[in-house]
Student: 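One structure, as structure tokens, below. Some questions next.
Count residues from 1 along the sequence.
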Amino acid sequence: MYQGFFHFTEMPFSLTPNTDFFCALAPHNEALKVILSALSMSEGFIKVTGEVGTGKTLLCRKLINHLSDKFVACYLPNPYLSPDELRLAFAKELGIDVDTTGDIRGLHSAIEAKLLTLKKEGRQAVLIIDEAQSLSWDALEMLRLFSNLETEKSKLLQIVLFGQPELDDNLNNPKVRQIRQRISFSYRLRTMTSAEVDYYIGHRLTTAGGSEHLISKGLRAFVALATKGTPRLVNIVSHKILLRAYGQGKASANWAHMVSAVLDTDDCKRRLVPRQSIIILSLGVVVALGMLHVYGAASL
């Protein structure tokens with residue numbers, strides 16, 4: 001792979017959420033501040049939504065790493081759980097000794113006792129759920145029951161939900177109106193602007209130990225256009241650009257690599273309006289003709 005060729009210490013555009021590459025751009029920075037402010041005020045439910053690929057999971061992990069010792073983070077990355085499984089998973093995250101052969105419903109009392117102990121120690125439990133749009137109605141009801149755990153002065157548990165926009169649709173259902181009314185803070189992640197994509201690509205290149213000039217500002221502008229600023233697509237296209245540059249032994253990427261990478265990414269082609277598609281395809285034709293001219297001249 002191109003890691004050694006471009007002198008990277010690690011792959012700059014891996015799709016695995018790596019908090020070392022967290023880029024404090026406006027949308028993610030603002031979302032993190034909203035969550036931390038809500039947690040400091042001991043609010044109940046906090047909701048963060050965003051389209052596929054906007055960096056919710058990375059933000060989720062950044063939040064966990066950012067929390068002080070005052071908080072006990074309980075992270076559930078898999079929401080496909082029944083109420084009993086949800087209760088069991090939460091108990092394990094709290095460090096409760098779980099006997100799966102016993103009465104699982106008795107766990108609710110054990111969870112409440114553990115939360116009370118943490119509160120007496122001056123600590124606050126935070127249940128963080130990723131992909132929350134996939135929670136069943138019964139699982140959402142279980143979360144509501146968890147949110148009922150409180151002292152006379154404060155909640156014993158705070159819950160942060162990360163999910164796709166479908167989470168909002170689910171919460172608009174009358175079945176879960178009680179939960180909807182308890183959401184005190186919400187944030188909607190947006191995609192990146194062209195300037196933010198430019199900074200994002202440069203940041204990831206240099207964080208990985210490479211040069212930000214591997215992908216020029218002109219190429220980054222077209223990456224922003226083709227991806228509509230969606231972080232995951234920016235990673236995919238940038239990775240393909242570097243692959244093509246590496247395959248040709250080039251020290252940096254060029255327009256041919258960019259056009260090829262975009263045309264090889266279905267989600268980018270779907271997002272382009274006709275005029276933008278014509279621009280990209282025209283660039284591809286120009287690049288192809290240029291290569292034909294070079295190779296044709298070389299054969300004479």
Student: His108 and Phe146: aromatic ring centres closer than 6.0 Å?
Tutor: yes
Student: From Leu15 CG over to Thr57 OG1, what is the distance, rounded to the nearest 0.5 angstrom?
Tutor: 11.5 Å
Student: Would you call Arg123 and Asp69 a salt bridge, using N to O less than 4.0 angstrom?
Tutor: no
Student: Could you walk me through whether Ile159 and Val126 satisfy the side-chain contact (heavy atoms from CB on, under 4.5 Å) test, starting with their C-alpha distance in whole Å, then the side-chain angles of each, then the deciding distance to 0.1 Å, before giving a yes or no?
Tutor: CA-CA 6 Å; Ile159 300 172; Val126 182; over 6 Å; no
Student: Please give me the minimum heavy-atom distance between Gly209 and Thr9, naming the atom from each residue.
Tutor: N-OG1, 4.2 Å
Student: Indicate the atoms forming the closest heavy-atom contact of Met258 with Phe222, along with that distance.
Tutor: CE-CB, 3.5 Å
Student: Can you tell me if Arg188 has over 12 outside heavy atoms packed within less than 6.0 Å of its CZ?
Tutor: yes
Student: Shortest non-hydrogen contact from Ile179 to Leu140?
Tutor: CD1-O, 2.9 Å
Student: Check for a donor-acceptor pair, side chain of Gln164 on one end and backbone N or O of Val52 on the other, with a separation under 3.5 Å.
Tutor: no
Student: When clusters are formed by joining ILVMFWY residues with side-chain heavy atoms under 4.5 Å apart, either directly or through shared neighbours, do Leu219 and Tyr199 land in the same one?
Tutor: yes
Student: Excluding sequence neighbours, so at least two apart, what forms salt bridge (charged side-chain N to carboxylate O under 4.0 Å, His left out) with Arg144?
Tutor: Glu141
Student: In the structure I gave you, are the side-chain heavy atoms of Leu36 and Leu63 within less than 4.5 Å of one another anywhere?
Tutor: yes
Student: Do Pro79 and Asp130 come close enough that some side-chain heavy atom pair is under 4.5 Å?
Tutor: no
Student: Within this structure, what is the CG-CG distance for the pair Leu86 and Leu107, rounded to the nearest 0.5 Å?
Tutor: 11.0 Å
Student: Can you check whether Asn170 reaches Trp137 side chain to side chain, under 4.5 Å on heavy atoms?
Tutor: yes
Student: Is it possible for you to say whether Leu161 and Val72 belong to one hydrophobic cluster, with membership spreading through side-chain heavy-atom contacts below 4.5 Å?
Tutor: yes
Student: In Å and rounded to the nearest 0.5 Å, what is the OG to CG distance from Ser194 to Leu225?
Tutor: 8.0 Å
Student: Do you know the tightest heavy-atom contact between Asp138 and Pro83?
Tutor: CB-CG, 3.4 Å
Student: Which distance, rounded to the nearest 0.5 Å, do you find between the OG1 of Thr230 and the CG of Asp267?
Tutor: 8.5 Å
Student: Any chance you could lay out the side-chain contact (heavy atoms from CB on, under 4.5 Å) test for Asp84 and Arg87, step after step, and finish with the verdict?
Tutor: CA-CA 5 Å; Asp84 285 344; Arg87 190 189 287 113; 2.7 Å; yes
Student: What is the minimum heavy-atom distance between Gln133 and Leu167, and which atoms define it?
Tutor: CB-N, 3.6 Å
Student: Measuring only between side-chain heavy atoms, which start at C-beta, is Leu76 closer than 4.5 Å to Glu93?
Tutor: yes
Student: In terms of hydrophobic clustering (I, L, V, M, F, W, Y; side-chain heavy atoms under 4.5 Å; direct or indirect links), are Met11 and Leu243 co-clustered?
Tutor: yes
Student: Using only atom types and a distance under 3.5 Å, with no angle test, would you say the side chain of Arg180 pairs donor to acceptor with the backbone of Leu171?
Tutor: yes
Student: Just by distance, do the side chain of Thr19 and the backbone of Phe22 share a donor-acceptor pair under 3.5 Å?
Tutor: no
Student: Please indicate whether Tyr246 has more than 12 foreign heavy atoms, meaning atoms of other residues, nucleotides or ligands, lying under 6.0 Å from its OH.
Tutor: no
Student: Given the rule that I, L, V, M, F, W and Y join up when any side-chain heavy atoms are under 4.5 Å apart, are Tyr80 and Leu88 in one cluster?
Tutor: no
Student: Does the side chain of Ile64 come within less than 4.5 Å of Ile128's, by heavy atoms?
Tutor: yes
Student: With a 3.5 Å cut-off and no angle check, do the side chains of Arg182 and Asn148 form a donor-acceptor pair?
Tutor: yes
Student: In plain terms, say whether Arg220 and Glu212 are close enough for a salt bridge, that is, a side-chain N and a carboxylate O under 4.0 Å apart.
Tutor: yes
Student: Using a 3.5 Å distance criterion without hydrogens, assess whether the side chain of Glu51 forms a donor-acceptor pair with backbone atoms of Pro165.
Tutor: no
Student: Taking CG in Asn65 as the centre, count heavy atoms belonging to other residues, nucleotides or ligands within less than 6.0 Å. Is the count above 12?
Tutor: yes
Student: Is the backbone N or O of Leu118 less than 3.5 Å from a side-chain atom of Glu121, with the two atoms forming a donor-acceptor pair by type?
Tutor: no
Student: Show the nearest heavy-atom pair for residues Ile183 and Ser186, with the distance to one decimal.
Tutor: CG2-OG, 3.4 Å
Student: What's the spacing between Ile215 CD1 and His213 NE2 if we round to 0.5 Å?
Tutor: 12.5 Å
Student: Applying salt bridge (charged side-chain N to carboxylate O under 4.0 Å, His left out), can you list everything that pairs with Lys155, at least two apart in sequence or on another chain?
Tutor: Glu150
Student: Kindly determine whether Asp168 and Lys47 satisfy salt bridge (charged side-chain N to carboxylate O under 4.0 Å, His left out), including the steps that lead there.
Tutor: CA-CA 9 Å; Asp168 287 326; Lys47 173 173 64 71; 2.7 Å; yes
Student: Between the side chains of Lys119 and Ser154, is a donor N or O closer than 3.5 angstrom to an acceptor N or O?
Tutor: yes
Student: Hey, quick one: are Val262 and Val234 part of the same hydrophobic cluster, counting side-chain heavy atoms closer than 4.5 Å, chains of contacts allowed?
Tutor: yes
Student: Does NE2 in His203 sit with more than 12 non-hydrogen atoms of other residues, nucleotides or ligands closer than 6.0 Å?
Tutor: yes
Student: Can you check whether Leu149 reaches Leu157 side chain to side chain, under 4.5 Å on heavy atoms?
Tutor: no
Student: Taking atom types as modelled, find out whether Gln124 and Lys70 have a side-chain donor-acceptor pair closer than 3.5 angstrom.
Tutor: no
Student: Given the rule in the side-chain contact (heavy atoms from CB on, under 4.5 Å) test, do Ile241 and Val223 qualify, once you have shown the distances and angles that lead to the verdict?
Tutor: CA-CA 10 Å; Ile241 288 172; Val223 171; 3.8 Å; yes
Student: Would you sort out whether Arg190 and Thr54 count as a side chain to side chain donor-acceptor pair (under 3.5 Å), showing the intermediate values?
Tutor: CA-CA 7 Å; Arg190 61 169 174 81; Thr54 48; over 6 Å; no
Student: Can you tell me if Ser238 uses its side chain to pair, donor with acceptor, with the backbone of Asn235 under 3.5 Å?
Tutor: no
Student: Is the side chain of Ser260 donor-acceptor paired with the backbone N or O of Ala256 at a distance under 3.5 Å, no angle test?
Tutor: no
Student: Identify, with sequence neighbours excluded, every residue that meets salt bridge (charged side-chain N to carboxylate O under 4.0 Å, His left out) alongside Lys56.
Tutor: none
Student: Is it the case that Tyr2 and His239 place a side-chain donor and acceptor less than 3.5 Å from each other?
Tutor: yes
Student: Taking the side chain as every heavy atom from C-beta outward, state whether Leu143 and Phe45 have any pair of such atoms under 4.5 Å apart.
Tutor: yes
Student: Whether the side chain of Ser82 engages the backbone of Glu85 through a donor-acceptor N/O pair (distance < 3.5 Å, no angle test) should be reported.
Tutor: yes
Student: Is the side chain of Ser40 donor-acceptor paired with the backbone N or O of Ser37 at a distance under 3.5 Å, no angle test?
Tutor: yes
Student: Just how far is it from atom CZ of Phe71 to atom CD of Gln158, taken to the nearest 0.5 Å?
Tutor: 6.0 Å
Student: With His257 as reference, evaluate Arg244, Gln248, Lys240 under the side-chain hydrogen bond (donor to acceptor under 3.5 Å, both in side chains) test and give the passing residue.
Tutor: Gln248
Student: Have a look at Tyr187 and tell me which of Lys33, Glu30, His28 forms a side-chain hydrogen bond (donor to acceptor under 3.5 Å, both in side chains) with it.
Tutor: Glu30
Student: What I'd like to find out is whether the side chain of Phe162 reaches to under 4.5 Å of the side chain of Thr49, using heavy atoms alone.
Tutor: no
